[in-house]
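To start, the structure itself, in structure tokens.
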Amino acid sequence: MLVCPVRNCRLPLNREDRRLLCDRGHSFDIARSGYINLLQPQDRRSNQPGDTVAAVAARRRLHDRGVTQPLFHAIAEILCPSDSDIVLDAGCGDGFYLGTLARQSGFNAHGVDISVPAIEAAARRYPECQWIVANADRFVPFAGRSFSIIMSITARMNDSEFRRVLGDDGRLLVALPAADDLIELRGSGHDRTARTVESFARHFTLADQRRVTTVADLDAAAVHDVLLSIYRPMRSRPVEAMRVTFSLDLLLFRAAEPVIPSSSEPRRSRE
Ligand SMILES: [Zn+2]
């Protein structure tokens, strides 16, 4: 199901001991913690693309405190996966949503993220899932129609690649930060749902939509973790305990019918 990420290669990758190999000889090592790094030189705009070690650790501490449990429950409810699903989480971060959902539902789980620290953390905690370091903005390194569900949770989105790797009966869940997400820390944001539905219209149709909001009374350490996770510079004065809003807009899409180009329509012969 994994395909070679080398530009213009795209052959299937086969496992051989501690590495994956395509028939052209491109080879990728499996890390000690079990993940596979498929990042290509052109994907590395910096030495450490994606989330930093500090941001990944802060986000995991917030998940572990239970702050994001209501968000998780809403995602599980709208998706309602079964053990026969094959699920991709594109931009999976530390793997909390995919890993927890997979343990509940028993489905076949695959997580992709561009951050090595994020995938490392995911692989250590949820070794039963497959974890890949790759730049899904450019290319999702799987064969066509590999998945029955794709999740994109506050991550960057690639609508044409999502459509390519999703089965024709598949579902796509997009979670966007809602306008009131972390409003106490970064002010009011924008409602991004309409623009997102429009940008996905070529490949997906909206099937369901809901907003999940939770407020948490956080101590100073947890507020500090939220700031770390969103890369807000620390203020000069110490952060204080406060009530913080977490809010997501959930959009559930179904794959649209493939569009038949008009040039391939049968033409009437002129008489
Ligand atoms: Zn190759």
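Order of listing sets the numbers, starting from 1, for every ligand and every atom in it. Here the structure is a predicted model, which means the values were calculated and not measured.
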*Between E161 and R138, does at least one N-O distance fall below 4.0 Å, as a salt bridge requires?*
no
*R145 and D169 ion-paired at < 4.0 Å*: no
*Presence of salt bridge, R65 and D219, under 4.0 angstrom*: yes
Contacts under 3.5 angstrom, residues 86-102 side chains, donor-acceptor by atom type, not counting sequence neighbours:
residue, atom, partner, partner atom, Å
D94, OD1, F96, N, 3.3
D94, OD2, R60, NE, 3.3
T100, OG1, F96, O, 2.5

_Any residue meeting salt bridge (Lys or Arg N to Asp or Glu O under 4.0 Å) with D85, in chain and number order, not counting sequence neighbours_ = R171
*Please indicate how many protein N/O/S atoms are found closer than 2.8 Å to the Zn ion (ligand 1), with waters neither displayed nor included.*
4
_Partner residues of E16 under the salt bridge (Lys or Arg N to Asp or Glu O under 4.0 Å) criterion, sequence neighbours left out_ = R19
